[in-house]
Amino acid sequence: MTDAATDMPEKAPAQTAHGSLLSESPLMKKRNAAEARFKMYGIVAITFGLAFLIFLTFSILRNGIPAFTHTVVNVEFTLTQEQFDEAESKMLKTAAYTDIFVTNITETFQQDGLDVAFDADTIERLLGKVGGNLREFYRENPDQIGQPVTFELSAASRVERYLQGKLTRDMVVDGRFLEAADLDVVDAMVDAGIIGSAFDWNFITGTDTGVDNPGGAGIGVSVIGSFFMMLIVLLLSLPIGVAASIYLEEFAPKNRWTDLIEVNISNLAAVPSIVFGILGLAVFIQFAHLPQSAPLVGGLVLTLMTLPTIVISTRASLKSVPPSIRDAALGVGASKMQSVFHHVLPLAMPGILTGTIIGLAQALGETAPLLLIGMVGYVAREYPDGIASGLLDPNSAMPAQIYTWAARSDEAFFEKAWGGIIILMIFLLTMNIIAIILRRKFERRW
Amino acid sequence: MSNTLILLIVLVIGVLGFFAGRARAMAAAGGDRRNLHSLPNYYGANTALNAIVPAGIALAVWLIVQPFVINNTVSGMIDQEAIAEGSSLGLIMSDVRRVAEGLDVAVAEGAMTEETAADMRTEFTDVRERLAEVGVALGSGVTSETLQAAQRYREMAWTGNWLKTLVVIAISIGGLALTWRLITRDYRARNVVEKGVLSVLILAASIAILTTVGIVFSLIFNTYEFFKLYPAADFFFGLNWSPSFSGRGQSSQLGILPLLWGTLYISLIALLVAVPIGLFSAIYLSEYASKSVRAIAKPMLEVLAGIPTIVYGLFALLTVGPLLVGVFGEGGALGVTWMSGGTAVMTAGLVMGMMLIPFVSSLSDDIINAVPQAMRDGSLGLGATHSETVRKVILPAALPGIVGAILLAASRAIGETMIVVLGAGAAARLSLNPFDAMTTVTAKIVSQLTGDSDFSSPVALVAFALGISLFVVTLGLNIFALYIVRKYREQYE
Amino acid sequence: MKDMIPVDRKMSTMQDSKISARGVQVYYGETHAIKDVSVEIADNTVTAFIGPSGCGKSTFLRCINRMNDTIDTARVMGDILIDGEDIYDPRVDPVQLRAKVGMVFQKPNPFPKSIYDNVAYGPKIHGLARNKADLDEIVEKSLRKAALWEEAKDRLDKPGTGLSGGQQQRLCIARAIATAPEVLLMDEPCSALDPIATAQVEELIDELRQSYSVVIVTHSMQQAARVSQKTAFFHLGNLVEYDDTDKIFTNPQDPRTESYISGRIG
């Protein structure tokens, strides 16, 4: 430290064009304000995006969760041997059971000091065909006769909406489905504490119903429909996509033809999904006469849609395998084909699988093309009975089912649609989490 | 013989071929595999492939060609003049096929002998009733001509099937034998097999082309049919959209302009939402955010991109729509009556904009990150603030890429279906009020093609003309956008 | 050392030190990149930092205009004073500091804008020009100072990226001096240039000494000898020796400096 000039004054204001660094010039103040504003815009934008996500999630959960429960009436009921014999000896056996049930409920009410008049028809409107259910139970379990049994009977959807406050007394028009007087019985049931809600397994495993029974609609069959479609998508798009990627990435010469394929694939990835639906309608249904609404057709259409996604991600993972691996294989005398199939492909496999799962998740949520191949008007009432029937018989799929429910005029179906979305999102979330775990686990840095 | 069975037989021949080829190679090498050019399994695989692939191709070609040949021959038998009013050759041919299938079922169930089925005459038997007995329902009575055509149809199908079986199996065995004879010590089986595998790979890559060709052809063909029934000029320049389903749709007015307007209006609103939010999010995340904020916020935003559009559609219909009515509708918070129903351009546009945020932000993020660090250093080193660096150096440098990203987002918006089907309404109208319900090209494609569509009426066929317009517009946008983005990337590579 | 150009090394023009660093320590995460460096850098002088790769010379240079702030993991301790003001004082805005302490980077990094806009960028953001004529004058003066005016005057609206490597680097120098800095930091400004371009830039550096305090980091000992009056030798994060350039090259005090000069380490 030769020419140290430590004796210079510490606080002397520097006589330069720039002035002191310690004080902020007016221009600098303005510039810093602009800086802060700009940063603020960014924060506001992010907040907006995230707030929207939260709002969406909240809406789905709030509207959808009620779909998983249904209103039930819990009745403890004892049927004596005499009552059983008497009812079985009558002409209208189920009606007899209903009568016994009415008596039972009335007794329950009287114990609680409630006095409501009602008859078998009321019970049928509120709880469905109770007599039939009772008879079936006791015929199958004769040993339960004389024992107290608790029945969980699901209430009609109108009762449920009345309890939720969505249906008020003045809205009720007396008719086949509900009479205003029935609501007194419901109130009595509430007072007696025998009405409550329970998890509705039928929503998950059940089948779709016609337009007049929103309460009984379930999503089970369309889950199976989606499953068969995904099976087709997986079985076709994975091998075809991987084969195409291997060719394009490892073997394709640089020429017009391969250029055309490349441009094609990147453009197909951005073609609106509805156009794939038109393709499916024209080629698979109009031309090839495959059955309408069949998961097979849906699967084929979604395969064509998913292929570009899979090709793009597969090529990326093939590209990430360093050339030294290929050189090493070629160096010990393997053919190009052997080097690819023995070395490159296994190393790229985790990436390929991740891409495939994400592609499948996209396909699972896709709706528009399914509308065109006839999956929307169809009411999925039956489970398919085997693989062939699963592929070829008309069915719905989760997103198509949700759309069908949303398009029905009875508002009670909207709740089902939201519930369906929860189930769909659970599937998507699971698939994406698997993809993330796969990526984390096998991620390799070269 | 059923196709599955034929395929099974061919596969069995293939497996036999594998062992035969392998054995012959080992024999030629005197039992020492080191004497062979390729590994023994390659000889087996080569033989098996030659036994299976040509036979399989033959089977596929046969399956496609046979119905055409039969259809042509049989439809030649039907008198053009005899086609009744309101019917067509196509309808009669489908009757013929149904009758033929019915006869097949009847024979299979033993309700009829093969001879009766072949010789039956409408003059002596009520074919409809006989078929109804075995559970085949026919719409109308069977004319003598139809029955004869059906019998001819069956006969040809039967001959065709036997010929098919023989030819396919012969090709399979032939392929096996030929390859087997070729195998010697020096035969380059691996190269042949690899060539075969390579052609499979090429075939797979060509499916992308085939898909495009399929899209283009199915659109063009049906659009051509549509323009035969409805003048193209009226379609492209018509200001009215009012399909009429009565009278085979002849009185419909099918102008695309109101739909196009709805599409563009909704897309515009969507972009007005998505571009500022997406772009500023991307800038914040790539330039300002700390690592931990980025690690949380970025994936959260990307979740929005993974949500299926049906969810957004439902959200628009059941949540955003009523919310907007509550603000802009009658008795709403603002006291204005701009909005009469929940479905509106604004509803669909807002929700679609939200959907596009992650699309714009992640593309812009990539593009902003591709701007070299040296640019930032250069600007910061001159005493620019961070925001000046972003606005004056990074954004101009990234502009082409960002424009490309916005174009891609626009193409997404134009092609989006579910949100507009559920959120925008069904009425086609040319209006400037963003709170009016309007409809779009995609929504109308859906509504024209769902339900019982009869592909011969202009009301259904118009969907294909709409489809081709949509395809051309989005394809143009995509190609242009990808071109810009690629150019941009090359600039910094 | 035959190629050493005898330049004016009289210290008569030297005033008090422009930059004084005291006990500077820099950490990158866990790595201790700079260990207790103290140095006094004079005005109107070219000071060269030499040393093997990774010795910390560039890191130290980036401390002088707080470019290290842009790296999240970097921590700087100790004092650096310019004109007696601590630049790490919380009241100091690094943006304002960087206007005063210009920097030229290793690789020429012109913005993807026209030559004119490249040079005008700094004056514009710092509000140095009252009007267009002022700005034109600043641009011309800066380009002349950077010895680029003759080559660039007819193509001011052409992109700066279209220039040759040497021209680009001179454009970057023009860009840096357009903000009227008092100190010019150069981080291996010639490492990406061919010998002819290097000679032009070196000549320019020598002229810049008239108006600025120039600090240059270089890999090439010949370059340090050619352009600088003072040389600091860094090794493993330590400032080993700091003295007049000819003294360092002819009579180094520290054995490590000697080994490096004679090519045994580095």
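Below, chains carry the letters A, B, ... as their sequence lines are ordered, and counting in each starts from 1.
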Side chain from CB out, backbone as N, CA, C, O: work out which of these in A:Y403 comes under 4.5 Å of a heavy atom of chain B, or both, or neither. both

For a 4.5 angstrom cut-off between non-hydrogen side-chain atoms, does B:V197 reach A:F341? yes

Taking side chain as everything from C-beta outward and backbone as N, CA, C, O, which of these in A:L56 sits under 4.5 Å from a heavy atom of chain B? Side chain, backbone, both or neither. both

Tabulate, in ascending numerical order, the residues of residues 359-369 of chain A having at least one heavy atom closer than 4.5 Å to a heavy atom of chain B, or enter 'none'. A:G365, A:T367, A:A368

With a 4.5 angstrom heavy-atom cut-off, could you sort out which part of A:I373 is near chain B: side chain, backbone, both or neither? neither

For A:I261, is it the side chain, the backbone, both or neither that has a heavy atom under 4.5 Å from a heavy atom of chain B? both

Considering only heavy atoms from C-beta outward, does the side chain of B:V193 approach that of A:M337 to under 4.5 Å? no

Does anything in residues 34-45 of chain A form a side chain to side chain donor-acceptor pair (under 3.5 Å)? List the pairs, not counting sequence neighbours. A:E35-B:Y288, A:E35-B:T385, A:E35-B:S387

Quick one: which residues of residues 425-436 of chain A reach chain B at under 4.5 angstrom, heavy atoms only? A:M425, A:L428

Please flag which part of A:W257 lies under 4.5 Å from any non-hydrogen atom of chain B: side chain, backbone, both or neither. side chain

Are the side chains of B:T211 and A:L307 in contact, using a 4.5 Å heavy-atom criterion? no

Note, B:I310 side chain near A:M398 side chain (heavy atom, < 4.5 Å): no

Can you name the residues that form a side-chain contact (heavy atoms from CB on, under 4.5 Å) with A:F284, not counting sequence neighbours? A:L290, A:V297, A:L300, A:V301, A:L304

Can you tell me which of B:I357, B:L477, B:I445 forms the most heavy-atom pairs within a distance under 4.5 Å of chain A? B:I445

